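Take a look at the structure set out below.
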Amino acid sequence: MQRANEDNFRECIYLLVNQIPRGRVMTYGQIAALCCKPRAARIVGGVAHWGDTSLPWHRVVHKDGTLATGYPGGTEGHRKHLMEEGVNFINGKVDISKAVWWPEY
DNA sequence: CGAGTGACCGCAA
DNA sequence: ATTGCGGCCACTC
């Protein structure tokens with residue numbers, strides 16, 4: 001699933017995020033790694049903010065399971081939105097261990 | 001084209 | 001366990 005055309009680092013992110021199934025989440029570092037840029041987790045966030053806002057960025061969380069900061073509504077709205085999709089939460093954080101989705105299939 | 005910035009990550013006190 | 005700092009790469013102005 002790392003079909004990222006070298007020219008389109010952003011598109012790789014778009015595709016990955018766009019394919020995250022409901023009730024699952026991915027980490028910024030993971031997406032970056034799948035795009036051949038294990039250190040570019042920040043770019044994922046950057047693209048998230050400046051890129052296509054139509055994508056389910058609410059399914060993208062930190063590696064610890066904490067939620068992003070700049071999401072419309074804040075972490076509170078973000079958390080609620082994920083719960084609506086069936087994501088399990090622990091201590092106000094995503095149960096990353098169970099909800100993390102890995103597209104290596 | 002150059003500089004600044006970021007919805008991050010990992011390690012060190 | 002929490003807090004602070006640096007580094008990394010791409011995007012925007």
Side-chain angles (χ1 to χ4, degrees):
Chain A
M1 175 60 183
Q2 59 300 4
R3 289 297 173 212
N5 296 332
E6 302 155 26
D7 295 29
N8 305 359
F9 180 72
R10 296 194 305 165
E11 270 189 39
C12 174
I13 298 168
Y14 292 149
L15 291 172
L16 287 170
V17 176
N18 193 30
Q19 285 137 67
I20 299 172
R22 179 173 167 281
R24 292 283 189 267
V25 297
M26 283 184 78
T27 67
Y28 290 94
Q30 183 162 6
I31 294 167
L34 290 172
C35 292
C36 303
K37 308 293 185 203
R39 311 288 168 166
R42 321 192 79 189
I43 297 59
V44 179
V47 173
H49 191 67
W50 295 305
D52 190 334
T53 49
S54 300
L55 293 172
W57 295 111
H58 54 271
R59 293 177 187 160
V60 184
V61 297
H62 295 189
K63 201 144 184 224
D64 296 14
T66 52
L67 303 175
T69 48
Y71 188 79
T75 56
E76 301 173 30
H78 193 171
R79 180 179 62 195
K80 183 173 183 176
H81 196 142
L82 286 169
M83 291 176 91
E84 295 292 316
E85 302 207 336
V87 178
N88 186 16
F89 270 77
I90 296 174
N91 294 334
K93 291 180 179 147
V94 181
D95 186 355
I96 196 83
S97 307
K98 314 274 191 200
V100 71
W101 180 65
W102 187 269
E104 67 183 332
Y105 294 102

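Only a predicted model underlies this, so the values are computations on that prediction, with no experimental measurement involved.
For the pair A:D52/A:V17, no side-chain contact is recorded, criterion being any heavy-atom separation below 4.5 Å from C-beta on.
If you take CG of A:D52 and C1' of C:dC11, they are 15 Å apart, rounded to a whole angstrom. One can place CZ of A:F9 at 12 Å from C1' of B:dC8, the figure rounded to the nearest angstrom. Look at CZ on A:R42: it is 15 Å from C1' on C:dT12, rounded to the nearest Å. Separating the CG atom of A:D64 from the P atom of C:dA1 is a distance of 11 Å, rounded to the nearest angstrom. In this entry the distance linking CG of A:L82 with P of B:dA7 reads 18 Å, nearest Å. Between the C1' atom of C:dA1 and the CG atom of A:N91 lies a distance of 13 Å, rounded to the nearest Å. For A:I43 and C:dT12, the CD1 to P distance is 12 Å, given to the nearest whole Å. Going from atom NE2 of A:H78 over to atom P of B:dC8 covers 11 Å, rounded to whole Å.
Among the heavy atoms of the strands lying under 4.0 Å from A:H62 are primed sugar atoms or P, OP1, OP2 only; no base atom is included. Using a 4.0 Å heavy-atom distance criterion, A:A41 is classed as a sugar-phosphate-only contact.
Nearest to the side chain of A:R39, among C:dC11, C:dC8, B:dA7, sits C:dC8. If you check C:dC11, C:dA10, B:dC9 against the side chain of A:R10, the one that comes closest is C:dC11. Each of C:dG7, B:dC9, B:dA7 was ranked by its minimum atom distance to the side chain of A:K63; first place goes to B:dC9.
The CD1 atom of A:I13 sits 7.0 Å away from atom CD1 of A:I31, with the distance rounded to the nearest 0.5 Å. Residue A:D95 holds its CG atom at 12.0 Å from CG of A:L82, rounded to the nearest 0.5 Å. Atom-to-atom distance recorded for A:E85:CD and A:K80:NZ is 13.5 Å, nearest 0.5 angstrom.
Between A:Y71 and A:H81, the ring planes are perpendicular. Angles over 60° get that label, and only those under 30° would be called parallel.
Two residues, A:G29 and A:W50, neighbour DNA chain B, and the one matched to the more 5' nucleotide by heavy-atom proximity is A:W50.
Proximity of A:K37 to the phosphate of C:dC8: no side-chain N or O atom is located under 4.0 Å from OP1 or OP2.
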